[in-house]
Q: 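Let me begin by handing over the structure; questions about it come next.
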Amino acid sequence: MNMHSPDVAQRAALYLRVSTTRQAEHDVSIPDQRKQGEAYCASRGYRLIETFVEAGASATNDRRPEFQRMIEAGTSKPAPFDVVVVHSFSRFFRDHFELEFYVRKLAKNGVKLVSITQEMGDDPMHVMMRQIMALFDEYQSKENAKHVLRAMNENARQGFWNGALPPIGYRIIAAEQRGSKTKKKLEIDPLHADTVRLIYRLFLEGDGNSGPLGVKAITCHLNERRIFTRDGGRWGLAQIHSILTRTTYIGEHRFNTRSHKNREKKPESEVAVMAVPPLIDRETFDAVQAKLKSRNPMLVPARVTSGPTLLTGICFCAKCEGAMTLRTGKGSAGGMYRYYTCSTKARQGKTGCEGRSIPMDKLDDLIASHLEERLLQPERLETILFSLLDRRQERAERRREHLAELNRRITETDQRLNRLYDAIESGVAALDDSALKERIAGLKALRDQATADAERIQATLDSAGNQAITPDMIETFSSAARAGLRLEGGGYRRDHLRAFAQRVEVADTEVRITGSKSELLRTLVAASSVKSAAFGVRSSVLKWRTRHDSNV
């Protein structure tokens with residue numbers, strides 16, 4: 001490393017960060033940090049290699065693209081730089097644990113973190129000082145967040161808008177000037193307010209040609225009549241439901257309803273209610289809420305996720321990639337018919353997607369027949385699995401080599417420990433010697449870690465199913481799998497099919513079936529084991545049927 005050579009200039013990387021646009025306008029702006037960083041490198045004789053600039057990113061977490069790019073470079077071997085220069089440690093991280101984690105991660109690769117305004121040494125006292133400063137930075141960050149949120153809550157209670165895109169039907173206007181700040185409010189947007197009123201009217205009264213419309217019917221009604229959203233897009237179910245349930249439209253905009261970190265609902269005592277001009281009267285709003293509660297249109301029936309439909313959850317429209325869901329209806333003769341149709345088309349109408357519908361029986365039979373006639377033939381299975389088996393064998397060999405190395409290391413460590421114990425017993429070494437105790441503890445930790453790694457690798461080898469796949473096994477599996485797809489008297493075994501096909505795409509002229517080679521091999525091995533039944537269906541299947549017909 002250059003940092004250990006006195007004759008070679010150390011290579012440096014600058015990391016520059018600001019949290020907000022407002023902060024960038026003051027003394028810690030990006031240009032100012034860059035200027036101070038370059039001057040610092042020049043005064044120390046560092047050769048500046050690269051500059052990482054993070055504009056508008058919080059230092060309370062590591063979800064920062066430039067930060068991650070800098071860490072990746074600093075931990076690569078060999079590292080392209082020897083020193084990371086920051087304006088202050090708070091530019092690097094405002095979390096004391098994360099700061100120390102990344103400082104040590106860089107240090108393991110010989111890369112040092114230095115601050116222009118908080119110069120520190122490497123001795124224990126300076127390390128402790130850096131940790132204390134990181135704790136203060138973290139505390140200050142949390143306190144600032146509390147004060148900002150408190151101010152925003154009060155701002156909302158006074159009827160002023162805190163920012164972000166307003167609900168459809170409203171627009172932002174300047175209300176008053178307080179010093180250098182312009183306070184803003186919401187007013188009704190005449191361009192889109194009528195759309196909101198129309199949605200409420202359609203839900204309660206209908207369009208005049210029929211009775212009240214549901215959420216899906218309203219979505220189709222707006223899209224078919226080319227009544228677009230505010231940004232010119234098509235309506236979806238979630239948008240319509242949000243409009244029908246938002247209290248903003250009766251003059252009560254709710255602010256600070258969810259946690260910024262985990263999106264969990266906050267208690268009502270922390271929610272700030274902001275007064276806005278109402279678009280809908282309360283009587284109409286209450287009637288809509290009562291009707292929504294009775295219909296509960298956003299609830300997904302359990303049968304959609306765990307019902308017996310063969311392709312639910314794995315069948316998709318090739319045009320829009322939306323799920324193909326089961327639809328039912330009555331034929332002219334009074335009989336029921338069932339078919340798969342594009343969910344986007346079902347929600348938004350033809351303007352959302354022109355995806356086709358296909359009879360359920362036809363598609364189910366097409367998929368099962370193709371798997372039986374093509375995939376589950378012994379010759380085809382052998383061709384598909386050949387390369388995968390080779391790769392698995394290579395991985396198994398590497399694991400065995402690693403396991404042998406770990407066992408050798410365990411044996412050597414035990415021998416070294418025994419020699420130390422012999423020295424203690426013979427009086428050559430004193431048991432109360434602190435250096436000896438530290439040495440014994442280190443060797444024990446090394447042995448325990450190697451033992452844990454060896455046990456993990458051995459368990460992987462034992463459970464990997466690396467047994468030889470013979471032609472007889474493939475033949476037997478092929479016959480059993482083809483028979484297992486079908487039920488007596490018609491129908492299919494859904495869980496068995498999903499062991500072979502994980503995705504089905506329906507286009508106008510073709511149906512594409514895709515699956516995983518690894519999953520296919522796992523299923524074959526599980527089916528060949530005396531411990532397994534039903535072709536190794538995963539335990540995470542929502543409803544594992546215990547009747548005899550599913551466990552042949």
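Numbers for residues simply follow the sequence, beginning at 1. Because the structure is predicted, anything quoted here is derived from the model rather than measured.
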Q: Between Asp433 and Ala435, what is the shortest heavy-atom contact and its length?
A: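 It is OD1-N, 3.0 Å.
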Q: How long is the straight-line distance from CZ of Phe81 back to CG of Leu106, given to the nearest 0.5 Å?
A: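 Here the interatomic distance stands at 7.0 Å.
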Q: For Glu66, is there any backbone N or O sitting under 3.5 Å from a side-chain donor or acceptor partner on Glu54?
A: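 Checked: pair present.
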Q: So, taking the atom named CD1 in Ile440 and the one named CG in Leu417, what distance separates them when rounded to the nearest 0.5 Å?
A: 7.0 Å
Q: Quick check for you: to the nearest 0.5 Å, what is the distance between Tyr102 atom OH and Met70 atom CE?
A: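 Going from the OH atom of Tyr102 to the CE atom of Met70 covers 9.5 Å.
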Q: Heavy-atom distance under 4.5 Å between the side chains of Ile513 and Leu375, does that happen here?
A: no
Q: Going from NZ on Lys77 to NZ on Lys108, what distance comes out if it is rounded to the nearest 0.5 angstrom?
A: 10.0 Å
Q: Under the side-chain contact (heavy atoms from CB on, under 4.5 Å) rule, what do Val53 and Gln33 come out as? Steps first, then yes or no, please.
A: CA-CA 10 Å; Val53 180; Gln33 290 182 50; over 6 Å; no
Q: So, Gln36 side chain and Ile116 main chain: donor-acceptor pair closer than 3.5 Å or not?
A: no
Q: Would you check, one step at a time, whether the test salt bridge (Lys or Arg N to Asp or Glu O under 4.0 Å) holds for Arg409 with Glu412?
A: CA-CA 5 Å; Arg409 192 180 303 170; Glu412 288 181 355; over 6 Å; no
Q: Rounded to the nearest 0.5 Å, what's the gap from CD on Glu405 to CZ on Arg408? Could you check?
A: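 Spacing of CD (Glu405) from CZ (Arg408) equals 3.5 Å.
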Q: When you measure from the centre of the six-membered ring of Phe316, is the NZ or CZ of Arg503 under 6.0 Å away and within 45° of the axis?
A: yes
Q: Can you check whether Ser76's main-chain N or O pairs, donor with acceptor, with Asn109's side chain at less than 3.5 Å?
A: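 Side chain of Asn109 to backbone of Ser76, a donor-acceptor pair under 3.5 Å: yes, one is there.
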Q: Check for a donor-acceptor pair, side chain of Ser343 on one end and backbone N or O of Thr325 on the other, with a separation under 3.5 Å.
A: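 Not at all, since once roles are kept as given, no pair shorter than 3.5 Å links the two residues.
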Q: If you measure from CG on Asn153 to CD on Glu270, what distance do you get to the nearest 0.5 Å?
A: 8.5 Å
Q: Work out which heavy atom in Val506 is nearest to a heavy atom in Cys315; give both atom names and the distance.
A: CG2-SG, 3.8 Å
Q: Going by heavy atoms in the side chains, are Met324 and Leu311 under 4.5 Å from each other?
A: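 The answer is no, as the side chains (C-beta and beyond) never meet within the 4.5 Å cut-off.
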Q: Taking all heavy atoms of Phe89 and all of Gln118, pick out the closest pair and write down the distance.
A: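 Minimum heavy-atom contact is N-OE1, 2.9 Å.
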Q: Any sub-3.5 Å donor-acceptor pair from Ser426's side-chain atoms to Ala423's backbone N or O?
A: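 Looks like yes, one N/O pair under 3.5 Å.
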Q: Using modelled atom types and a 3.5 Å cut-off, is there a donor and acceptor pairing between side-chain atoms of Arg44 and backbone atoms of Gln10?
A: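 No, the answer is negative, given that no donor and acceptor are paired below the 3.5 Å cut-off.
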Q: Minimum heavy-atom separation for Thr344 to Gly322, with atom names?
A: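 For Thr344 versus Gly322, the nearest heavy atoms are OG1-CA, 4.0 Å.
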Q: Do Arg64 and Phe52 have side chains that approach each other closer than 4.5 Å (heavy atoms only, starting at C-beta)?
A: no
Q: Do other residues, nucleotides or ligands put more than 12 heavy atoms under 6.0 Å from Glu321 CD?
A: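 Result for CD/Glu321: open.
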Q: What do the steps show when you test Leu406 against His402 for side-chain contact (heavy atoms from CB on, under 4.5 Å), and what is the final call?
A: CA-CA 6 Å; Leu406 288 171; His402 189 197; 3.9 Å; yes
Q: When you measure from the side chain of Thr117 to the backbone of His87, do you find a donor-acceptor pair of N or O atoms at a distance under 3.5 Å?
A: yes
Q: Walk me through it: do Ile367 and Ile314 pass the test side-chain contact (heavy atoms from CB on, under 4.5 Å)?
A: CA-CA 12 Å; Ile367 300 301; Ile314 64 170; over 6 Å; no
Q: Please name the pair of heavy atoms, one in Leu443 and one in Thr413, separated by the smallest distance, quoted to 0.1 Å.
A: O-CG2, 3.2 Å
Q: Ignoring hydrogens and angles, tell me if any N or O in the side chain of Thr411 forms a donor-acceptor pair with the backbone of Asn407 under 3.5 Å.
A: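 Here the side-chain-to-backbone pair exists.
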Q: Give the C-alpha distance, both sets of side-chain angles, the deciding distance and a yes or no for side-chain hydrogen bond (donor to acceptor under 3.5 Å, both in side chains) between Asp82 and Tyr46.
A: CA-CA 9 Å; Asp82 309 303; Tyr46 295 160; over 6 Å; no
Q: With a 4.5 Å cut-off on side-chain heavy atoms, are Leu366 and Val504 touching?
A: no
Q: Has Arg439 got more than 12 heavy atoms of other residues, nucleotides or ligands less than 6.0 Å from its CZ?
A: no
Q: So which atom in Leu14 and which in Arg34 form the shortest heavy-atom distance, rounded to 0.1 Å?
A: CD1-O, 4.2 Å
Q: Could you tell me whether a side-chain N or O of Glu505 sits under 3.5 Å from a main-chain N or O of Val511, the two making a donor and an acceptor?
A: no
Q: Kindly check if the number of other-residue, nucleotide or ligand heavy atoms within 6.0 Å of CD (Glu438) is above 12?
A: no
Q: Check whether any side-chain heavy atom of Val85 sits under 4.5 Å from a side-chain heavy atom of Cys41, and report yes or no.
A: yes
